[in-house]
Each structure stands twice: as structure tokens, then as C-alpha cells.
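Here is the structure we will look at, set down as C-alpha cells.
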Amino acid sequence: MNGYFLKLFNALVLLLLPAAGSLLGFNSLPNTAEIKCIETEREALLNFKQGLIDDYDMLSTWKDDENNRDCCKWKGIHCNNETGHVHMLHLRGQYPQRLRGAINITSLVPLQNIQHLDLSYNSFKGNDITELMGSFTHLIYLNLSSSYFGGSIPCELGKLTHLKYLDLSNNIYLHGQIPHQLGNLTHLRYLDLSDTDLQGELPCQLGNLTHLRYLDLGDNHLQGELPCQLGNLTHLRYLDLSYNHLHGELLCQLGNLTHLRYLDLSYNDLHGELPCQLGNLSQLRYLGLRRNSFSDETFLISSTSIMNSSSSLVFLDLSFNLLKSSTIFYWLFNSTTNLRTLYLYGNMLEGSIPDGFGKVMNSLETLDLSGNKLQGDIPSFFGNICTLERLDLSRNKLNGRFSSLFDNSSWCNRHIFKSLDLSYNRITGKLSKTIGILSELEQLYLDANLLEGDVTESHLSNFSKLESLYLSDNSLSLKFVPGWVLPFPLQSLGLRSCKLGPSFPSWLQTQHSIYSLDISDNRINDSIPEWFWNNLRIVHLNMSHNNLIGAIPNLPLKLPYRSSIILNSNHIEGKVPSFLLQARELKLSENILSDWFSFSCDQNIVANLAILDLSKNQIKGQLPDCWKSVDSLLILDLSHNNLSGKIPMSMSTLVNLKVLVLKNNNLMGELASLKNCSNLIMLDVAENMLSGPIPSWIGESMQQLIILNMRRNYFSGNLPNHLCHLKHIQLLDLSWNKLSKGIPTCLKNFTAMSERSINRSDFLNRVYWFNLTYYVVYSFIPGDYTFDITWMWKGVEQVFKNPEYLLKSIDLSNNILTGEIPKEIGYLFGLVSLNLSRNNLTGEIPSEMGSLRSLDFLDLSRNHLTGQIPTSLSEIDGLGKLDLSHNSLSGRIPSGRHFETYEASCFEGNDDLCGEQLNKSCPGDEDQRTVKPAAVNGDDCDCGFYEALYMSLGIGFFTGFWSLLGTILVWRPCRNAYLMFLNRVTHSICVWFQ
Ligand SMILES: *[C@@H]1O[C@H](CO)[C@@H](O)[C@H](O)[C@H]1NC(C)=O
Ligand SMILES: *[C@@H]1O[C@H](CO)[C@@H](O)[C@H](O)[C@H]1NC(C)=O
């Protein structure tokens with residue numbers, strides 16, 4: 001939508017201001033004094049009005065009485081001063097004023113002389129642009145933009161051969177293809193179809209519109225290659241095809257568009273070279289190629305390209321392409337450039353930034369090289385680019401000392417320099433006091449480097465405009481003299497791990513504009529002063545991992561909308577104050593809160609609560625029974641407390657809940673109250689005293705479940721067949737209960753477990769599920785969300801950072817299950833861990849288990865299994881831990897492959913087993929036992945652990961990837977997104993005004 005306003009703006013600048021009036025012939029409004037409107041046209045207008053809903057009386061003059069008979073005087077109407085025909089109907093809405101209702105074009109048909117029709121900025125949801133529109137053949141100007149029109153573009157519009165201006169943009173319900181008949185509108189100068197839902201290829205007939213000055217087809221779903229006929233549009237000044245799915249190479253015919261000033265092809269899938277003909281675009285000021293697939297070759301080959309003659313280029317955006325080597329810098333050197341804005345972020349640029357860069361780029365105002373792999377010392381020449389205002393080198397591998405920035409540099413730009421971002425590099429040394437010469441600085445980001453030493457008031461006292469200061473994750477210590485007042489009004493402050501403690505930073509008391517504050521992990525050993533809460537305008541607050549003590553009083557405060565309060569891992573005691581429940585996210589885990597708060601049932605307080613984490617406290621008493629008012633809750637973690645009593649019925653109203661963790665409390669009773677929580681992807685009620693049967697509705701109504709943990713309770717009865725409906729389930733733990741009867745054969749329906757590897761789209765799907773919570777909740781909150789689960793892994797409880805996508809496990813151990821192990825278990829090809837130990841299972845081990853090639857852990861011990869160990873088990877190469885002990889197995893232990901590496905304890909307690917592992921020869925064996933090398937494989941028994949570790953590393957990679965994406969999406973949104981938007985706007989303004 002931002003793009004939309006921009007386009008609108010450009011449209012205004014291009015057409016309406018200088019040229020449109022005379023172009024369209026409307027600037028001398030006719031003197032209608034003597035002209036009376038034509039009766040049939042008056043009736044037509046009144047009929048047209050009938051269908052409209054006019055909430056704001058925009059059509060108050062359209063009346064059928066004596067005083068208002070002359071429709072030429074009605075608002076929005078102009079008539080021809082000689083014939084009296086209506087030639088202009090201009091009903092543009094103006095927020096909030098707008099028309100609604102039904103457009104009856106049939107009723108307008110009598111207005112046969114109409115030349116100008118503008119219905120833009122209204123709300124005609126449900127109305128199509130009808131083919132009748134094609135009957136107004138005198139139209140010169142047609143504007144139906146931003147009015148929620150739907151349907152497709154009727155090909156009859158191709159009959160409006162006098163049209164000079166056509167704007168159907170920003171109608172998100174408008175779909176279908178661009179009709180090739182639009183190619184008949186050979187007088188068109190302005191065509192805007194952007195921000196709609198158009199598909200298909202660009203019709204080559206658009207090439208007939210040789211008078212076009214402005215063409216905007218951005219923000220659609222257009223496909224295919226650029227038609228070479230685009231090269232016929234030699235009068236174009238503005239061409240925007242961004243945000244489509246166009247592919248292929250850039251056309252050399254684009255070089256014909258010698259009047260072009262603005263060219264935006266961002267967010268497509270274009271690749272290949274920049275054709276050297278682009279060098280003909282001598283007026284080009286704006287070139288947007290962001291997020292395509294342009295690579296180094298693009299710029300190697302086109303050495304004589306665009307920039308040579310395009311000294312007019314002011315704005316160049318090549319971010320999110322595939323640029324790797326620093327070729328691009330030399331390409332820029334060879335160009336006599338007037339660039340003011342250069343975006344190269346999100347490429348893969350390596351090597352160092354060449355020294356000559358600063359000399360050539362001597363008109364640069366904004367430079368963004370973030371998110372590459374740039375190395376070497378951080379160059380000092382940026383201070384010699386006297387026009388530079390914003391510099392972003394974050395997320396590279398730059399090193400060198402911070403002070404070297406000020407070594408050889410005059411900082412001739414110090415009176416305009418506003419933003420410096422060096423975060424996420426490897427910069428060393430102290431924060432030098434010389435940074436104070438950048439007195440106009442508004443944003444300073446130095447977080448996640450290797451800086452050390454003290455930061456005192458002398459470093460910061462020269463700044464007066466600083467709004468954002470990020471020093472997190474270095475080895476810096478902040479030490480201000482008591483009573484010092486920061487001379488700048490901060491809005492966001494990131495000081496994670498900055499050794500602020502031991503007392504609570506009192507200088508915060510004078511800062512009243514902070515909306516984002518991170519002082520986590522700062523060794524603060526103090527209580528939170530009351531002034532802090534009273535001052536609170538903070539939307540994002542993180543004070544976790546300190547030693548904050550005392551209780552938080554329940555103050556009558558109003559928190560900012562959708563705030564995020566993170567106070568976990570402190571020593572906060574007492575009750576949970578209910579004013580904090582106004583937050584969108586509240587994390588208080590790992591404190592010593594003891595009292596279950598008077599959980600607020602007030603809808604006004606809890607209406608926005610989406611994440612509530614009170615785990616690992618000492619909260620006792622019953623769960624409150626008023627969850628109805630918290631229906632926006634997505635994640636609820638109350639694990640590791642002393643909660644008792646039943647799960648209250650009102651929890652059934654948490655229909656949006658995705659994650660519910662009640663683990664390790666003293667909850668009793670049945671699960672009945674969770675029946676309606678059908679969106680759960682994770683349900684963990686382990687280690688309580690819950691009882692009753694496993695409800696069959698779990699399989700029916702919770703089909704999204706990926707993780708189900710009911711371990712260590714008193715659940716009884718059989719395993720219902722309905723469980724098999726859980727086709728997404730990956731982690732199923734029902735161990736340590738009193739479950740009886742057989743294992744259902746339908747478990748082959750656990751689809752997610754039957755996939756060994758995860759195909760990409762499926763994977764993305766799952767990531768989507770897990771990231772949904774992340775995304776939904778965090779799309780407006782900076783920072784990463786880690787989602788930990790603790791899971792029994794090989795008999796040891798382990799924490800997995802972020803949920804597993806590959807870890808697939810079934811644990812039914814320690815129950816009283818009977819019957820045979822169903823051979824259908826062999827379908828769960830993706831299973832990594834299977835524990836059926838300590839039951840009463842009988843029969844043989846199904847040989848189908850040999851197909852579980854992903855298996856790393858298999859425990860069938862302490863059952864009554866009989867027969868031989870199937871040799872197929874020895875084909876599971878990755879099986880790191882096997883336990884078959886204490887059964888009634890017999891015969892020879894398979895000897896193939898790695899099977900010999902298992903210890904005797906894996907087989908003991910089976911009287912009739914024999915084989916090398918047990919040091920026991922089988923009947924018929926000659927006494928030819930070889931001496932087994934001792935303990936050679938001692939480590940191998942644990943190889944599964946490394947595998948699990950590896951696996952979670954792998955997961956780490958994936959989630960890392962996603963949190964990177966997430967970070968790009970959400971990271972300091974107020975900074976980047978807003979800046980980008982501003983850049984787009986301001987630069988296109990420059991393009992047109994300079
Ligand atoms: C009528 O309008 C035209 C322009 O549309 C103008 O040239 C002409 O002078 C006007 N005539 C009168 C009588 O106002
Ligand atoms: C549209 O207008 C025509 C002509 O005035 C009329 O006959 C018709 O009933 C109207 N249609 C609707 C749906 O109101």
C-alpha cells in the first residue's frame with residue numbers, strides 16, 4: 001500500500017500538476033449560467049443516485065426540486081457550455097467521506113457525451129466494472145481507482161479509444177488478465193493498473209500505446225517475460241513493474257525508452273545482464289532492481305553499461321540479489337556517478353570495501369551495505385563523503401578497531417550525519433570519545449560487536465538528538481555519574497549485557513519517550529522502583545536475566561497497546577500484578593512468584609494477551625476459571641508450578657490457543673475441558689495427576705497437534721483408534737500411565753512420522769505452524785522468540801531449542817499394554833525414537849521394524865516378547881541405542897553390521913538368547929569364538945547423542961534461517977521499514993523535482 005501512495009503521488013506530480021489540466025481540457029470550467037441541463041440526463045443522474053448510499057451527504061445538491069433543477073450545478077457535475085450535455089462526473093471520495101452501495105451503470109447510459117468519469121476513493125465493494133463502461137465512447141478520463149471494484153477488466157474498455165487517462169489501481173478484488181484490447185487505446189498517456197490482483201502475461205498489444213508517459217503495473221501477479229513491444233513506448237517517463245512474478249532477462253529494447261526517469265522492476269525474478277542499451281537512458285534517476293536474481297555476471301559483462309551515460313542516476317537499489325564479488329564496486333567506480341542512495345543489502349558481497357569507493361561516491365547520502373559478507377578493516381573514508389547522512393554496514397564480517405573510523409577522516413559530513421549502523425560485525429576496541437563529533441547523530445547501532453571498556457557520560461554528552469542507541473552484546477560497561485541526565489530524548493535503547501548493575505539505572509527516570517528498552521542480563525541486583533512503572537510508555541520491555549528482587553505492586557496503570565513485557569529469570573516474588581496482563585506478551589518465568597494472582601477476568605485488561613509464560617515459579621492454588629475473556633491467547637505456559645485442582649471448564653473457550661503447557665503441577669481430573677481447543681499444535685500436560693481415559697476427541701478435534709505429551713499421569717483405558725487421526729503428530733509421549741490393551745494398528749496413519757525426509761513445501765508448512773505463533777505475535781515486536789521444549793531423549797530429559805522438525809518420537813513405555821507390536825509400525829519410516837519398554841507386550845518383534853531406517857533409539861525391554869530377533873533390525877545403520885533386555889527372546893543375536901557393537905546389557909534377561917554379544921555360544925556353534933576387542937565401541941553406544949545434537953544443530957540451522965527471515969521481517973521495523981518507505985517516497989519526489 002505504501003507503494004500505492006507513492007504512485008499516487010507520482011501521478012499527481014507527473015500529470016495533474018503541470019500538464020493534466022490543459023492535456024485534458026478541464027481547466028477552464030465552463031460558465032454554466034445560461035446552460036440548463038438536459039432532462040434525460042438529469043433523470044439518469046437521479047437514477048444513478050438511487051443505488052448509492054451517501055453517508056456523508058456528498059450528493060446533497062442532487063435533488064429533484066424546483067431550486068435544484070439544473071443538474072449542471074450539482075456537485076461533481078460539469079456540462080458542456082454550448083450543448084448542455086453533462087461531460088464530467090467527478091465523484092471522488094475524500095477520506096473519510098465516500099460513497100457506498102450499488103453502481104448502476106445502466107442508469108448512466110443516457111450520458112452519452114461524458115468525457116470525464118471519476119469514481120475513485122469510494123467503497124463499491126461487490127461492484128464489478130461492467131462491460132457497459134465501454135459504451136461511453138467519448139471518455140477521455142476514467143478513474144475508478146481505490147474503490148474496491150471487483151471482477152475482471154472488461155475487454156469493452158478497448159472501445160474507449162479517446163481515453164488519455166485510465167486508472168484502475170488499488171482495487172484489490174480486481175482480477176483476471178489484462179485484456180489485450182487495451183492496446184486499442186492508442187491515445188493513452190497514463191495507465192495505472194497497480195495494486196490489483198491481475199494475473200497472466202503482459203499483452204504485447206500494450207506496445208501500441210506509444211503515447212504513454214506513465215505505466216504502472218506494480219503489485220500484481222503478472223507472469224512471463226517482458227514483451228519486447230515495451231520498447232515501442234518511447235515516451236515513457238515512469239515505468240513500474242515491481243512486485244510481480246516476471247522472469248527472464250532485461251530487454252535491450254528498454255534502451256529505446258530514452259525519456260525514462262523512473263524504472264522499478266523490484267521483486268520479480270529477473271536475471272541476466274544489464275543490456276548495454278540501458279546506457280541510452282540518459283534521464284534515468286531511479287532504478288529499482290531489488291530482490292531479483294541478478295548476479296555478478298550482470299555487471300561484469302555490462303561494463304559499458306548504464307552508469308556510463310546515466311550520470312543522472314540518483315537512486316539505485318540492488319538489494320536482495322545474488323551479487324557476490326566486489327565487481328559491483330568497480331562497476332560503480334567506472335561510472336561518473338551522482339548517486340545519492342545506494343542499496344546493496346542482502347547480497348553475498350565478499351572481500352573488503354575498496355578504498356577508492358569514498359572518492360567516487362562523493363554525492364552519496366544513504367549507503368546500505370548490510371547483510372553481506374564484507375570483511376577487512378572498517379574503512380575510515382566514509383567521513384570524507386561530505387554528503388553522507390546514513391551509513392549501514394551491519395551484519396557483515398568487518399573488523400578493526402572502532403577508533404580507526406576517526407583516524408584519517410575529517411567527518412566533513414558531521415553536521416548532517418544522522419545514522420550509523422555497525423551492528424553485528426567484529427569491531428574491537430573501546431568506544432572512542434571522538435564519536436562525539438557526530439553531534440547530529442539520531443541513530444547509533446553498535447550492538448553485537450567485540451567492543452570493550454567503559455561507556456561514560458563523556459562519550460554521550462555531545463549528542464543532543466540521539467533517538468536510538470544500541471550497545472547490546474559487547475563487553476561494554478555503562479557507568480554514569482549519579483544524577484547525570486542524558487541530554488537527548490531516547491526512543492529506543494538496547495543495552496543487553498552491558499553490566500549496568502548492581503543498582504537499577506536511575507538515569508532512566510528522566511527519559512520519558514522510550515518505547516523500546518532492553519536492559520536484560522545486566523547484573524542488576526535491585527528492586528524495580530515505582531517511578532519506573534509510572535513512567536512506563538514502553539512497548540517493548542526486556543529486563544530478563546537480572547537479579548531483580550521484590551514484588552511488583554499492582555498499580556492502576558494503562559500499558560501501551562500490544563506491549564511486550566519480558567521479566568523472566570529474576571527473583572521477583574509475590575503476586576503477579578494484574579496491570580501487566582494488559583500486555584500482548586508477558587513472560588515471568590523463572591522467578592519466585594508464589595501467589596496465583598487474582599487473575600483478571602476483566603475483558604478490558606486481558607483482551608490483548610497472546611503470550612503468557614509463568615512457568616518455573618512457585619504459584620500454588622487452582623487455575624482461575626475465567627479464561628473466556630482471554631480468547632486472544634496463543635501461548636500459555638504454566639509449567640513447573642504448584643497448581644492443583646482441575647483444569648477449569650472455561651479453558652474450553654481458548655479456541656485460538658496454539659501452545660498449552662501445564663507440565664509438572666498437581667492438576668487432577670480429566671481433560672474434558674480442553675475439547676474445544678482445536679487449534680493446539682502443542683499440548684503438554686505431563687507430570688500431573690490427571691486421570692480418566694485418553695479422550696477420543698483428541699484425535700478428532702485437535703488435528704493440528706504436532707506435540708502431545710501426557711507422560712507421568714494416571715490416564716487409563718485403551719489407546720483409542722481416534723488418536724490415529726493425528727496426522728501431523730511428531731512427538732507423542734504417553735509413557736508412565738496406566739494404559740492397557742493393545743497398540744492400535746492404525747498408527748500407520750501418523751503421516752508426519754511416515755516421512756523420512758521432509759519435502760520442502762511440507763517443511764515450510766510445518767515451519768509455518770511453528771512460526772505462526774512467532775509471526776502473528778512478533779510481527780510488530782523486535783527480537784527473536786525461542787520456543788523450547790523439554791523432551792525425554794534416550795532416558796534423559798533434554799531441552800531442544802526451538803521445536804524439532806526431524807525429531808519424531810513415540811514413547812508408550814511404563815504402561816500395561818498387552819498384545820503384539822503391530823507390524824504396521826513398519827510404516828513410520830521417519831521415526832527416530834521408539835520406546836515401548838516396561839509393558840506386557842507379547843508375540844514376536846515384527847520384522848517390518850527393519851524398515852524404520854531413521855531409527856536411532858529403540859527400547860523394547862521389559863516385556864514378554866518371544867521368538868528371534870529379526871535380522872532386519874541389523875539393517876538400521878543409524879540405530880545408536882538398542883535395548884531388548886528382559887524379554888523371552890530366543891535364538892541367535894544377529895551379527896551383521898554394527899549389531900556386534902551393542903553391549904551385553906542390551907540383551908540380558910533373555911534366557912534363550914545366544915551370540916557373541918552375550919559371550920554365549922549358540923547350540924551347534926563350534927567353539928571358535930574370536931576375542932572381541934575390548935571397549936572399542938564404547939563411544940559408539942553414545943553416537944546417538946551426537947546425532948541428536950547434530951540434529952538439533954540442523955534444526956538450529958533451519959530455525960536460524962527462519963529467524964533470520966523473521967528478523968528481516970521484524971527487525972527494528974520502525975527503523976527499516978519506515979526508512980525504506982521514506983526513501984521510496986523522498987527519492988521519487990527528488991526524481992521528479994530535480
Ligand atoms: C466554452 O468552453 C470552451 C472550452 O471548453 C471555451 O473555449 C469557450 O470559450 C466557452 N464558451 C463560452 C461561451 O463560455
Ligand atoms: C439500473 O437503472 C436502470 C435504468 O435507470 C433501471 O431500469 C434498472 O432497474 C436499474 N437496476 C437496478 C439493479 O437498480
Side-chain angles (χ1 to χ4, degrees), residues 544 552 565-570 572-578 580-581 583-601 605-606 609-674 676-677 679-690 702 705 707-713 733 773 777 785-791 797 799 803:
S544 64
I552 302 174
I565 311 279
I566 302 179
L567 294 170
N568 56 288
S569 311
N570 281 293
I572 299 170
E573 57 188 44
K575 293 189 182 187
V576 181
S578 52
L580 289 183
L581 295 171
R584 178 118 172 104
E585 175 188 27
L586 176 59
K587 281 190 173 178
L588 281 165
S589 68
E590 294 190 76
N591 278 290
I592 45 175
L593 293 161
S594 58
D595 266 328
W596 185 250
F597 46 100
S598 53
F599 188 80
S600 181
C601 298
I605 292 184
V606 290
L609 195 61
I611 298 182
L612 178 59
D613 185 354
L614 297 174
S615 62
K616 300 185 183 155
N617 278 286
Q618 297 164 12
I619 300 174
K620 50 187 184 289
Q622 303 214 344
L623 280 163
D625 192 10
C626 55
W627 296 94
K628 201 171 165 189
S629 27
V630 212
D631 57 359
S632 54
L633 210 55
L634 294 174
I635 298 180
L636 176 62
D637 191 344
L638 301 174
S639 61
H640 302 280
N641 278 293
N642 298 323
L643 296 169
S644 54
K646 293 186 174 181
I647 301 176
M649 275 320 285
S650 62
M651 280 210 155
S652 67
T653 55
L654 297 175
V655 288
N656 295 313
L657 201 63
K658 298 216 169 285
V659 174
L660 176 60
V661 187
L662 299 173
K663 182 182 191 160
N664 196 353
N665 280 290
N666 301 315
L667 297 169
M668 297 186 305
E670 303 197 6
L671 278 184
S673 45
L674 300 179
N676 294 335
C677 305
N679 276 309
L680 281 178
I681 56 174
M682 172 170 178
L683 173 61
D684 188 345
V685 294
E687 295 164 42
N688 278 289
M689 299 188 288
L690 296 164
M702 295 190 183
L705 272 184
I707 299 172
L708 175 61
N709 191 357
M710 301 171 74
R711 180 186 176 80
R712 279 192 196 269
N713 279 287
D733 191 342
T773 42
V777 180
Y785 183 64
T786 49
F787 188 70
D788 304 350
I789 56 167
T790 45
W791 202 254
E797 193 149 87
V799 178

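Rounding to the nearest 0.5 Å gives a distance of 10.5 Å between CG of L580 and CD1 of I605. With rounding to the nearest 0.5 Å, the separation of NZ in K646 from CD in E670 is 8.0 Å. A distance of 5.0 Å separates CD of E573 from CD1 of I592, quoted to the nearest 0.5 Å. For the atom pair CD1 of I611 and CZ of R584, the computed distance is 8.0 Å after rounding to the nearest 0.5 Å. Expressed to the nearest 0.5 Å, how far CD1 of I566 lies from CG of L588 amounts to 10.5 Å.
Nearest approach of L690 to M668, heavy atoms of both residues: CD2-O, 3.4 Å. Of all heavy-atom pairs spanning V630 and L654, the tightest one is O-CD2, 3.6 Å. Scanning all heavy atoms of the two residues, the minimum distance from L667 to L623 falls at CD2-CD1, 4.0 Å. Residue N617 comes nearest to E590 through the heavy atom pair ND2-N, 4.1 Å, listed as atom of the first residue, atom of the second, then distance. In terms of heavy-atom proximity, P624 sits nearest to P648 at O-CG, 3.2 Å. Nearest approach of L633 to W627, heavy atoms of both residues: CD2-CZ3, 4.0 Å.
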Practice problem: Start with the C-alpha gap between D684 and L660, add the side-chain angles, then the distance that decides, and say whether side-chain contact (heavy atoms from CB on, under 4.5 Å) holds. | Solution: CA-CA 6 Å; D684 188 345; L660 176 60; over 6 Å; no
Self-check item: Stepwise side-chain contact (heavy atoms from CB on, under 4.5 Å) check, L609 with E585
Solution: CA-CA 6 Å; L609 195 61; E585 175 188 27; over 6 Å; no
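The side-chain heavy atoms of L657 and L634, taken from C-beta on, include no pair separated by under 4.5 Å. Considering only heavy atoms from C-beta on, H640 comes within 4.5 Å of K663 through its side chain. Between L614 and V576, the closest side-chain pair of non-hydrogen atoms falls below 4.5 Å. In this structure, the side chains of L567 and I552 come closer than 4.5 Å at one or more pairs of heavy atoms. Residues L581 and L586 are in side-chain contact: their nearest non-hydrogen atoms beyond the backbone lie under 4.5 Å apart. Looking at heavy atoms from C-beta onward, M682 lies in side-chain contact with V661 at the 4.5 angstrom threshold. Side-chain contact check for L683 versus M702: some heavy-atom pair is nearer than 4.5 Å.
At least one donor-acceptor pair under 3.5 Å links the side chain of N665 to the backbone N or O of L643. In terms of modelled atom types and a separation under 3.5 Å, the side chain of N713 and the main chain of N688 share a donor-acceptor contact. A donor-acceptor pair under 3.5 Å is absent between the side-chain atoms of N664 and the main chain of A686, judged by distance alone. Remark: the backbone N or O of S615 is not paired with any side-chain donor or acceptor of S639 at under 3.5 angstrom. Counting only distance, with no hydrogens or angles, the side chain of D637 and the backbone of D613 share no donor-acceptor pair below 3.5 Å. A donor-acceptor pair is defined here as one N or O able to donate and one able to accept, closer than 3.5 Å; no such pair exists between the side chain of D595 and the backbone of G574. In terms of modelled atom types and a separation under 3.5 Å, the side chain of N709 and the main chain of R711 share a donor-acceptor contact. Side-chain N or O atoms of N570 include none that pairs as donor or acceptor with a backbone N or O of N591 at under 3.5 Å. Between the side chain of N642 and the backbone N or O of K620, no donor-acceptor pair lies under 3.5 Å. Proximity of a side-chain donor or acceptor of N656 to a complementary backbone N or O of D631 within less than 3.5 Å is detected.
Each of V659, I707, L705, L708 was evaluated against I681; a single residue qualifies, V659, per the side-chain contact (heavy atoms from CB on, under 4.5 Å) test.
For the residue pair S650 and D625, a side-chain donor N or O sits within less than 3.5 Å of a side-chain acceptor on the partner.
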